[in-house]
Amino acid sequence: MATAPKPNNARVGMATNQASNEATLKLALELHQDGDYRAAAALYRAMLQSNQENAQIWGLLGSACRMKGDAAEAVNSLERAVACAPHRIELKAEYAIALAEAEQHQEALNLLDGLLPALQAQNQDAAIVYAAMGDACLALNRYEEAVDYYRTGLEKEPNNATASVNLATALQRLDRLDEAIEAYEAAVREEPDNLLALNNLGIALHDAGRDDDALPLLQCACALAPDDPGVRTDLAAVLHRSGHLDEAEDALNKALSCDAGFARAWSNLGNLLQDKLRLTEARMAHECALAREPAEPDYYWNYAMTLLLDGRIAEGFAAYEWRRNKPGFVKPPVTGPEWDGTSPAQQTILLYSEQGLGDSIQFSRYAKLLAEMDATVIIACPPALKNVLGTLGESITVVSAFKDAPLYDCHAPLMSMPHLMRGLVDDIPAETPYIAVPPNTLSPLPPKTEELRIGLAWAGNPEHPADRRRSMSLGPLRPLFDIEGIEWVSLQGGDVSAEIAEAGAPLLDLEPIRNSLDDTAAAMAELDLIISVDTAAAHLAGALGRPTWVMLPHAPDWRWQIGRDDSPWYPTLQLFRQPAPDDWDSVVSRVADALKDYKPD
């Protein structure tokens, strides 16, 4: 009788281990597919104890870690998977996606850029690949590329609400607002309770001037996330900018009751209280924001506005220097060191404009002071101001392009001059006039009659963030036009002939004034009075030393301060302030009463 062969214990053990591993893998995959990523990951780790070179298991572990939000372990696991199987491009692609999710954006983009042709050739360029590339570009501020990647991904997976939201974000940062709104709306159609989509769509609609559509969306977002201070702060921002100040204050207080340490809510509360002219409280709110995020330039900017409005000039301009750390601040093409505020004597200093025409006019006075201190001064300014600022003094060179500037020793922005010169001058240098009508510029006005001749500027740059409250239409000014014995001259830039005709306003509208500050200055020199809202015309008139009345909103720009009817910057200006927000009728009524008794010097 034949003897039965003895069993091979090693072979039996291998079969048993293999069966056990297969069962463990099957269970892990079931848990993975059911969304129990933590349990699946634990089983993958156990399996890797006996086989550290298994690319499949490392890849599955990385995938599970991605799903459960453990970015660091996902990256490490997928890196091991790629090391075990460097030829498998799908593992490399998932590794790159994990890098993007771990905010290693440049590394992710570099890897996916190299993989994309092979993924496309093998039809493995899934929507998630393009979404990851879009996310990386978005984080790297490469918005145009981000838009292209998101759009390609959405062609493959049109129902991806997250990709639609991110596409909209990139479009919004490119100022392509209409397209951004469409993308946010697509996300909301797919996921009506998508908090980010609702919130951002509300903000985008407000930016587009559609407040009636924006507010219900933001209120819905607050209902979905009542304890989210960020959502409540966004609602408050739209309420604030829409003029609903009390409701905005309530929303901010609720945001801070959710999280008393939420710095953005404190800073926005400071802005709101400033617009309510509660400046002590506003200052305290800004200080709370800065105590929590002491390196945030936007909070310093907001704090500076409150300090300056409150007349705290030295503190305000010190805080204002933080504007240069804001993401949107564009450094000009200058070379060499910045002027540090030490003695300017025997130095050639380039000063440059950085903001609006009015700001450049206001702060150009410091160029004259530097020249009086034996400095050689160059000003780089917008072309529209070149001739006007050219009258500051013979020793001051004015150019309209940096490339035209002569050699200089150091440089500084005009808006930094009050801070830099704090140790050289005791107070605001308010002597006017400090500019004049440019040589050989003839007045565009016809011969004067016996009537008072008054210039009028009723609106500023519509792109200015505060233009809604600082500018007027011609309608509310009708009581001024009804006063007899006045010839009115338009000082508005641009073509306003249609607006004047529609309002039936008796305004002399001359083309040279529309198109040239030189001609505007020449006209101002012959006017008996200038009446203006807060715009460049008021600065030009003040710098020329002309009698000027400025009509201001209830919460004015910082330079006009509060509680006074004169200007510390321009002695010939008289200020007429709204007693309440948007109350232009009271302002016009006071101006009309003053005009009836006005006698030019």
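No hydrogens, no waters, no symmetry mates; every other heavy atom, side chains included, goes into these values.
- Heavy atoms only, all atoms of each residue included: L239 and A251 are closest at CD1-CB, 4.4 Å.
- Residues E526 and K448 are not in side-chain contact: their nearest non-hydrogen atoms beyond the backbone lie 4.5 Å or more apart.
- Annotation: side chain of Y570 is in contact with side chain of H539 (closest heavy-atom distance under 4.5 Å).
- Screening residues 399-414 for salt bridge (charged side-chain N to carboxylate O under 4.0 Å, His left out), with sequence neighbours left out, gives no hits.
- Under the 4.0 Å criterion applied to side-chain N and carboxylate O atoms, E315 and R283 are not assigned as salt-bridge partners.
- Classification of D518 and K386 as a salt-bridged pair fails, no side-chain N sitting under 4.0 Å from a carboxylate O.
- The side-chain tip of R292 does not point at the ring of Y299 from less than 6.0 angstrom away and within 45° of straight on.
- A donor-acceptor pair is defined here as one N or O able to donate and one able to accept, closer than 3.5 Å; no such pair exists between the side chain of R324 and the backbone of E321.
- Under 4.0 Å is where a charged nitrogen must lie from a carboxylate oxygen, and between D234 and R264 at least one such pair does.
- Donor-acceptor pairing under 3.5 Å is recorded for the side chains of D275 and H240.
- Of the possible polar contacts, one joining the T520 side chain to the I513 backbone as a donor-acceptor pair under 3.5 Å is found.
- Proximity of Y143 to Q172: side-chain heavy atoms (C-beta onward) are nowhere separated by under 4.5 Å.
- Residues P413 and R323 have side chains in contact (heavy-atom distance under 4.5 Å, counting atoms from C-beta outward).
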Residue pair M472, V588: steps toward the side chain to side chain contact (heavy atoms under 4.5 Å, CB included) verdict: CA-CA 11 Å; M472 303 176 64; V588 172; 3.8 Å; yes

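- You'll find the side chain of I313 reaches within 4.5 Å of the side chain of L308, heavy atoms only.
- With respect to D582 and R469, no salt bridge is recorded, no charged nitrogen being found less than 4.0 Å from a carboxylate O.
- Looking only at distances, no side-chain donor or acceptor of Q347 sits under 3.5 Å from a matching main-chain atom of I349.
- Ring-plane geometry between F317 and Y320 is classed as perpendicular, the angle between the planes exceeding 60 degrees on a 0 to 90 degree scale with a lower cut at 30.
- L307 CG to L279 CG: the interatomic distance, rounded to the nearest 0.5 Å, is 9.5 Å.
- Paired with V388 under the rule side-chain contact (heavy atoms from CB on, under 4.5 Å), one option of T441, L357, L540, V437 passes, and it is L540.
- For K276 and E249, the salt-bridge test passes: some basic side-chain N is under 4.0 Å from an acidic carboxylate O.
- Between the CG atom of L272 and the NE2 atom of H244 there is a distance of 13.0 Å, given to the nearest 0.5 Å.
- Using modelled atom types, one side-chain atom of Q274 and one backbone atom of T306 make a donor-acceptor pair closer than 3.5 Å.
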With a cut-off of 3.5 Å and sequence neighbours excluded, list every side-chain donor-acceptor pair involving residues 489-508.
{"from": "S490", "atom 1": "OG", "to": "Q492", "atom 2": "N", "distance (Å)": "3.3"}
{"from": "Q492", "atom 1": "OE1", "to": "W458", "atom 2": "N", "distance (Å)": "2.8"}
{"from": "Q492", "atom 1": "OE1", "to": "A459", "atom 2": "N", "distance (Å)": "3.0"}
{"from": "Q492", "atom 1": "NE2", "to": "A459", "atom 2": "O", "distance (Å)": "3.2"}
{"from": "D495", "atom 1": "OD1", "to": "S497", "atom 2": "N", "distance (Å)": "3.1"}
{"from": "D495", "atom 1": "OD1", "to": "S497", "atom 2": "OG", "distance (Å)": "2.7"}
{"from": "E499", "atom 1": "OE2", "to": "W458", "atom 2": "NE1", "distance (Å)": "3.0"}

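- A distance of 11.0 Å separates CG in N268 from CG in L273, rounded to the nearest 0.5 Å.
- Taking OG of S567 as the reference point, atom CD of Q574 lies at 12.0 Å (rounded to 0.5 Å).
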Salt bridge (charged side-chain N to carboxylate O under 4.0 Å, His left out) between D359 and R559, intermediate numbers included: CA-CA 10 Å; D359 297 305; R559 73 201 75 219; 2.8 Å; yes

Stepwise side chain to side chain contact (heavy atoms under 4.5 Å, CB included) check, L414 with E354: CA-CA 7 Å; L414 275 171; E354 64 178 85; over 6 Å; no

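- P556 and L277 get closest at one heavy-atom pair: CD-CD2, 4.4 Å.
- Counting heavy atoms from C-beta on, the side chains of T572 and L544 never come closer than 4.5 Å.
- In this structure, H411 and Y352 have tilted ring planes: the angle between them lies in the 30° to 60° band.
- In this structure, the side chain of R470 engages the main chain of D534 through a donor-acceptor pair within 3.5 Å.
- Distance alone, capped at 3.5 Å, places no donor-acceptor pair between the Y408 side chain and the V377 backbone.
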M551 and L477: CA distance, side-chain angles, deciding distance, side chain to side chain contact (heavy atoms under 4.5 Å, CB included) verdict: CA-CA 11 Å; M551 300 181 291; L477 294 165; 4.0 Å; yes

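- Contact between L527 and R546 at its shortest, heavy atoms only, is O-NH2, 2.7 Å.
- Proximity of F576 to I531: side-chain heavy atoms (C-beta onward) are nowhere separated by under 4.5 Å.
- Counting non-hydrogen atoms of neighbouring residues, nucleotides and ligands closer than 6.0 angstrom, the CG atom of D340 exceeds 12 such neighbours.
- Between W549 and Y598, the ring-plane angle classifies as perpendicular under the 30° and 60° cut-offs.
- Without hydrogens or angle criteria, R468 side chain to S242 main chain gives no donor-acceptor distance under 3.5 Å.
- The neighbour count for E511 CD, taken as heavy atoms of other residues, nucleotides or ligands under 6.0 Å away, does not exceed 12.
- Atom CG of N141 is surrounded by more than 12 heavy atoms from other residues, nucleotides or ligands within 6.0 Å.
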Full working for side chain to side chain contact (heavy atoms under 4.5 Å, CB included) between L529 and L595: CA-CA 10 Å; L529 178 67; L595 273 178; 3.7 Å; yes

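- Separation of the W322 and F329 ring centroids does not fall under the 6.0 Å cut-off.
- Between D565 and R577, no side-chain nitrogen of the basic residue sits less than 4.0 Å from a carboxylate oxygen of the acidic one, so the salt-bridge criterion is not met.
- Distance OG/S364 to CG/L392: 4.5 Å, rounded to 0.5 Å.
- The shortest distance between side-chain heavy atoms of I181 and R210 falls below 4.5 Å.
- Remark: F481 pairs with W488 by the ring pair (Phe, Tyr, Trp, His ring centres under 6.0 Å) rule, at least two apart or across chains.
- Counting non-hydrogen atoms of other residues, nucleotides and ligands closer than 6.0 Å to CE of M284 gives a total of 12 or fewer.
- To the nearest 0.5 Å, the span separating CD on Q355 from CD on Q362 amounts to 10.5 Å.
- Heavy atoms only, all atoms of each residue included: L424 and P344 are closest at CD1-CD, 4.1 Å.
- Smallest separation of non-hydrogen atoms from T432 and P571: OG1-CD, 3.6 Å.
- Closest approach of A371 to S395, counting heavy atoms only: CB-OG, 3.5 Å.
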